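Report on one structure; see the data block that follows.
Each ligand, and each atom within it, is numbered from 1 in the order the structure gives. Each residue takes its place number in the sequence, starting with 1. Note that the structure is predicted; figures quoted are calculated from it, not measured.
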Amino acid sequence: MAAPAAHPTETISWWREAVIYQVYPRSFADSGRDGEGDLRGVTDRLPYLVSLGVDALWLCPFYPSPQVDGGYDVSDYCDVDPRYGTLADLDALLAAAHAGGLRVIIDLVPNHCSDRHPWFTAAVAAGRGSPERARFHFRDGRGTDGAEPPTNWRSVFGGPAWTRVREPDGSPGQWYFHLFAPEQPDFDWGNPEVLAEFERILRFWLDRGVDGFRIDVSDALIKDTTWPDTADGSPVIPKGDDGGPHPIYRAFRRVLDAYPGERAAVIETGAPDDVVALFLRPDEMHLAFSFRFLKAGWSAPAARAAIEDTLAANARVGAPATWVTDNHDTPRSVTRYAADTALAGAYVPDAVAGAHLDLARGTRRARAMAVLLLSLPGAAFVYAGQELGLPNVDDLPDAVLQDPVFVRTGGEVRGRDGCRVPLPWSGDAPPFGFTADDAAPWLPMPPAWRDLTVAAQDCDPASMLALYRRLLALRRSEPSLRTGTVTWLDAGPDAVVIRRESEGGRALLVVVAMGEEPVPLPAGEVLLASTPGPLDGVLPPDSAAVLAVAS
Ligand code: BGC
C-alpha cells in the first residue's frame, strides 16, 4: 500500500464550520475519452476547487460496482472501480487535495451492498441456515410453498422490499430483504461480523489518509426483525435508543478517534430533528445534513422554522448544524426555485415536472439562497454544479435514463439523472470540456449550458461562480458568518433577517427577500449582495445581502 497522504493539520474541529463540495465522480471531469468522469479528472480540477474556496470534498462512491444505483451498490468496499481509476489514483487525489489544503471525505454505504458482493453470492450459494446467509436478512416466505414475501414492506425505489432466490438445488427458495433495489441486499447489522467488517473498511480508508465519511442511509441499518406487516407497507426501522443503530455509531466513532487530525463523519438521515440529534451525541457522529433546510424551499417561514429547529436540536447535544440545498438525489435548486413556492421545497425527483418554470427567477433565488446557506453557523455542503447555477435537466430521453427508480416505477417516476448530468467546463458545445470532444458524455449535456461553463463564468463578475467565490471568501474573513449566534429580527412573513455575531467577529445582518415586495435594508455597510447593481436602500424580491452593522 502507498504511504498515507500527508495530512492537513492547521485547524482543530475543521468539520464544525467546513464548506464541503460534493463531487459525483462520474459527472465531474473525464481525464480519458469514455465519457464518464474519473478520479484523475477530479485531481486535474483540484485547482478549481482550491480557487473556489471550499474546505473539503465529499467523493460519492467510486468503488467497484455494477452501477445499478449509481455506485451505491458496492461489490468491493476496499478498491476503486476501473471505470474511475485505481487505488493509486485515489492516493494521488488525496495527496494533491491535502497539498492544496483540501480535506477529502468519502461515501460509506453500510446499509446494503451489491448482489455481486462476494458475501452475497456466497450467501445465495450456501443455502438456508448457513452463516453466510446470516450476514443478510434471509427469511422463508409466507403462504403456500413460501411464495409470498415475509412482510408487506415496500422498497424505497418501488416494488416489494423482498426478492426470492433459487436454492442451490434449483428449487424456489428463501427471500432476502432490500430497502432499495433487489440488486442491493441489506446487511443484517444484528450480526457482529458485519460491524467487524465495516470497522476494517473504515480503517482501510483512514490508513490511506481520508479525512472522514459521508454515511449513506445511516439511520436505517437496523430493521424490526419481528417483520410486522404495516398499514401502508412502510418498513419499521428503529432509530432511537431503544433498539436503534446508536451502538454502531459509537463503535465507528471509536475507530475515527483513534486517528490523528479529527477524522469526521456526516450522516444522511431524514429523521425528525430530535432523532437526528441522537446521532450527533459526543460519542457518535459529527454532522448530519439538515434536509429540513433543503425542503424549506423558497419560503421564509419554512426556512426560519428549519433553521431554528435544527439549531435548537443540535445545540442540545453540542453539535453544529449542516446546511444543504442540493445533492445528487434531488432536482437542482435553480429548477426547484423556478417553480412556484409550494413546489420549491419538494425533495422528490419529478416534483417539479409539468410545473411552470421561470429559470431566471430560479437563478435569482438560488443566488439569494447561496447567501443564506453560507451565512449560517456550522458546516455547509455545495453540490458540484450548484456554484455554476446549473438547472435540472428534465428532458433527458427515456433511453438514457439510468436511475433504478425509473425502471422500478414503470417509468412513472423519471428519477434523479437530471441532477447528475456532467459538468460544463469550457467551450461552446457539448461535451464542454467534460470529456474529449469526440466522446459522448454518459448523459447528454444541454447545448444551452454554453453560457454556464466554468470558463464562461470565470471572468464575469456577475456570474453565479463569481458570487460563490465572493461568498466563500467573505465567510473565511468573517467569523460571524461561520460560527456564533443567530438572532431573528422581525421582518414580516416574506423576509429572513438574522443578526449574526461571534466572539472575535463583527456583527452582521443577513437579509433575504423571499416575497413579492422589496425589503427595506437596515442601516449598515453592504458587504455583499446577490444582485448586481446598487441597492438604493432596498433589497429587491428574490435577493439577499450581508451587511456589517454596529455591535
Ligand atoms: C443515496 C442515494 C442512493 C440510496 C441508496 C441514498 O442515500 O444518496 O443516491 O440511491 O442512498 O443507497
Query raised in the report: So, Asp55 and Arg103, do they make that salt bridge, N to O below 4.0 Å?
Result: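 The answer is no: the pair does not qualify as a salt bridge.
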**Report entry** Charged N-O contact under 4.0 Å between Glu284 and Arg253
**Finding:** no
Could you tell me which atoms of ligand 1, counted from 1 in the order shown, lie closer than 4.0 angstrom to a heavy atom of [X]?
X: Arg214; answer: 1 (C), 7 (O), 8 (O)
X: His328; answer: 1 (C), 2 (C), 8 (O), 9 (O)
X: Arg416; answer: 2 (C), 3 (C), 9 (O), 10 (O)
X: His112; answer: 5 (C), 12 (O)
X: Phe180; answer: 4 (C), 5 (C)
X: Arg420; answer: 9 (O)

Query raised in the report: Can you tell which of Val68, Thr269, Asp216 gets a heavy atom nearest to atom 1 (C) of ligand 1?
Result: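 Going through Val68, Thr269, Asp216 one by one, Asp216 has the nearest heavy atom to atom 1 (C) of ligand 1.
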Query raised in the report: Are Pro228 and Trp153 close enough that some pair of their side-chain heavy atoms sits under 4.5 Å apart?
Result: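 Yes, side chains in contact.
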Report task. Scan Asp329, Asn392, Thr330 and name whichever one has a side chain to side chain donor-acceptor pair (under 3.5 Å) with Arg416. Result ->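 The passing option is Asp329.
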Report task. Take every heavy atom of Val109, measure it against each atom of ligand 1, and state whether any distance is under 4.0 Å. Result ->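 So Val109 does not count as touching ligand 1.
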Query raised in the report: Quick one: nearest non-hydrogen protein atom to atom 8 (O) of ligand 1, plus distance?
Result: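 Here the nearest protein heavy atom works out to Asp329 OD2, 2.5 Å.
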Query - Nearest-neighbour protein heavy atom for atom 10 (O) of ligand 1, which is reported as residue plus atom name and distance - result: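 Minimum-distance protein heavy atom for atom 10 (O) of ligand 1 reads Asp69 OD2, 2.6 Å.
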Query raised in the report: Heavy-atom count around Arg164 CZ within 6.0 Å, excluding the residue itself: above 12?
Result: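 Yes, CZ of Arg164 has more than 12 neighbouring heavy atoms, counting only those of other groups under 6.0 Å.
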Report task. Return yes when atom CG of Asp398 has more than 12 non-hydrogen atoms of other residues, nucleotides or ligands closer than 6.0 Å, and no otherwise. Result ->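 Count over threshold, so yes.
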Requested in this report: Indicate, as side chain, backbone, both or neither, the part of Phe157 found under 4.0 angstrom from ligand 1 when only non-hydrogen atoms are considered.
Outcome: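 Within the 4.0 Å criterion, Phe157 contacts ligand 1 through side-chain atoms alone.
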Requested in this report: For Asp232, check salt bridge (charged side-chain N to carboxylate O under 4.0 Å, His left out) against everything at least two apart and list the hits.
Outcome: none
Requested in this report: Measure the CG-CD distance between Leu202 and Glu197 for me, rounded to the nearest 0.5 Å.
Outcome: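 The CD atom of Glu197 is 10.5 Å from CG of Leu202, to the nearest 0.5 Å.
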